[in-house]
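Structure first, then comments.
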Amino acid sequence: MTITNIKAIPELFTTQDHIWMATALDLAKRAADLGEVPVGAILVHDGQIIGEGFNQPITQHDPTAHAEICALRDACQRLQNYRLPLDVTLYVTLEPCTQCVGAMIHGRVARVVFAAEEPRAGSLVSARQLLDNGFYNHRFSFVGGLMAEESAALLRSFFKARRAKTAE
């Protein structure tokens with residue numbers, strides 16, 4: 001597949017994209033309610049959610065329990081297959097890290113739509129552009145910026161509250 005490495009242009013996103021990202025943002029809020037960094041992710045195939053997850057490394061005592069990984073695990077358990085069907089889109093509220101990009105390659109995700117960029121650890125457009133390397137056996141398309149401000153505001157609010165609590 002061709003890699004799309006562009007920032008949000010309103011025409012790039014369908015009404016369904018907005019609905020699915022809003023669902024991922026709801027999952028991110030669940031993570032925040034548990035004291036986890038608010039990131040949510042869903043996998044969609046043929047208009048249906050086949051997997052969902054939110055950040056849980058603290059509550060699950062698992063450093064790999066990022067939202068994307070949890071969504072991939074959920075989908076693969078539901079489907080009883082370690083590979084996803086063709087044409088699966090992953091919606092996530094924050095640009096994926098190196099670990100999550102690797103898992104998406106192995107799971108055969110077709111498309112990724114993310115909200116906010118992650119300047120420190122983002123591995124699609126920000127800190128590194130992993131898919132620009134030509135040696136992966138699977139590539140997926142991606143686009144960022146859908147509901148980016150909502151996601152960024154949720155993250156800012158979470159970290160502001162965490163800093164205030166630490167300062168007490």
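This structure is a prediction, so every number in the text was calculated from the model and none was measured.
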- Message: Once rounded to the nearest 0.5 Å, what's the spacing between atom OG1 of T89 and atom NE2 of H45?
- Response: 10.0 Å

- Closest heavy-atom pair and its distance - L72, A103: CD1-CB, 3.7 Å

- Could you pull out the closest heavy-atom pair between P38 and A32, with the gap in Å? CB-CB, 3.8 Å

- Note on the structure: Separation between CZ (R30) and CG (D26), nearest 0.5 Å, reads 9.5 Å

- Query: Any side-chain heavy atom of R108 within less than 4.5 Å of one from N137?
  - Reply: yes

- Item | salt bridge (Lys or Arg N to Asp or Glu O under 4.0 Å) involving R73 - partner list, sequence neighbours excluded | D62

- Query: Is there a path from F159 to L94 through hydrophobic residues (I, L, V, M, F, W, Y) whose side chains come within less than 4.5 Å of each other?
  - Reply: yes

- Message: So does Q56 get a backbone contact from the side chain of Q60, meaning a donor-acceptor N/O pair under 3.5 Å?
- Response: no

- Shared ILVMFWY cluster between V101 and Y136, side chains joined below 4.5 angstrom? yes

- Item | Presence of salt bridge, K29 and D33, under 4.0 angstrom | no

- Flag, side chain of N81 to backbone of R83, donor-acceptor distance under 3.5 Å: yes

- How far apart are the closest heavy atoms of R162 and I58, and which atoms are they? NH2-CD1, 4.2 Å

- Task: Would you check, one step at a time, whether the test side chain to side chain contact (heavy atoms under 4.5 Å, CB included) holds for I105 with L131?
- Result: CA-CA 9 Å; I105 290 168; L131 295 181; 3.8 Å; yes

- Query: Which heavy atom in S126 sits nearest to a heavy atom in P119, and how many Å separate them?
  - Reply: CB-CA, 3.9 Å

- Within a strict 4.5 Å, meaning less than it, do heavy atoms of the F158 and L154 side chains meet? no

- Non-neighbouring partners of A22 that pass side-chain contact (heavy atoms from CB on, under 4.5 Å), sequence neighbours left out: M147

- Heavy-atom side-chain contact between T93 and F114 under 4.5 Å: no

- Message: Under a 3.5 Å distance rule, please check whether S151 uses its side chain to pair with a backbone N or O of A115 as donor and acceptor.
- Response: no

- Query: Got a second to check how far C97's SG is from R128's CZ, nearest 0.5 Å?
  - Reply: 8.5 Å

- Message: As a test of understanding, state which of L124, V39, I69, L130 forms a side-chain contact (heavy atoms from CB on, under 4.5 Å) with P96.
- Response: L124

- Message: On a heavy-atom basis, which atom in C70 and which in F54 lie closest, and how many Å separate them?
- Response: SG-O, 3.8 Å

- Can you label the angle between the F140 ring and the F142 ring as parallel, tilted or perpendicular, going by 30° and 60°? perpendicular

- Task: Give the intermediate values and the outcome of side chain to side chain donor-acceptor pair (under 3.5 Å) for residues S123 and E95.
- Result: CA-CA 7 Å; S123 292; E95 180 184 357; over 6 Å; no

- Task: Please step through side chain to side chain contact (heavy atoms under 4.5 Å, CB included) for the pair C76 and L84, ending with a clear verdict.
- Result: CA-CA 7 Å; C76 290; L84 300 169; 4.1 Å; yes

- Heavy-atom distance under 4.5 Å between the side chains of V44 and I42, does that happen here? yes

- Would you find more than 12 non-hydrogen atoms of other residues, nucleotides or ligands less than 6.0 Å from Q77 atom CD? no

- Message: Considering only residues two or more places apart or on different chains, which pairs with a residue in residues 12-24 satisfy salt bridge (Lys or Arg N to Asp or Glu O under 4.0 Å)?
- Response: D17-R111

- Query: G53 and L27: which non-hydrogen atoms are nearest, and at how many Å?
  - Reply: O-CD1, 3.8 Å

- Query: Heavy atoms, side chains only, cut-off 4.5 Å: are L43 and D74 in contact?
  - Reply: no

- Message: Ignoring hydrogens and geometry beyond distance, is a side-chain donor-acceptor pair present between T64 and Q99 at under 3.5 Å?
- Response: no

- Message: So P85 and I50, do their side chains get closer than 4.5 Å, heavy atoms only?
- Response: yes

- Item | M21 CE to F13 CZ distance, which is reported to the nearest 0.5 Å | 7.5 Å

- Spacing of M104 atom CE and L90 atom CG [to the nearest 0.5 Å]: 5.5 Å

- Message: Is it the case that the side chain of H138 and the backbone of V109 share a donor-acceptor pair, with hydrogens and angles ignored and the cut-off at 3.5 Å?
- Response: yes

- Query: Quick one: does N55's side chain have a donor or acceptor within less than 3.5 Å of a partner on A31's backbone?
  - Reply: no

- When the ring planes of W20 and Y91 are compared, do they come out parallel, tilted or perpendicular, using 30° and 60° as the limits? tilted

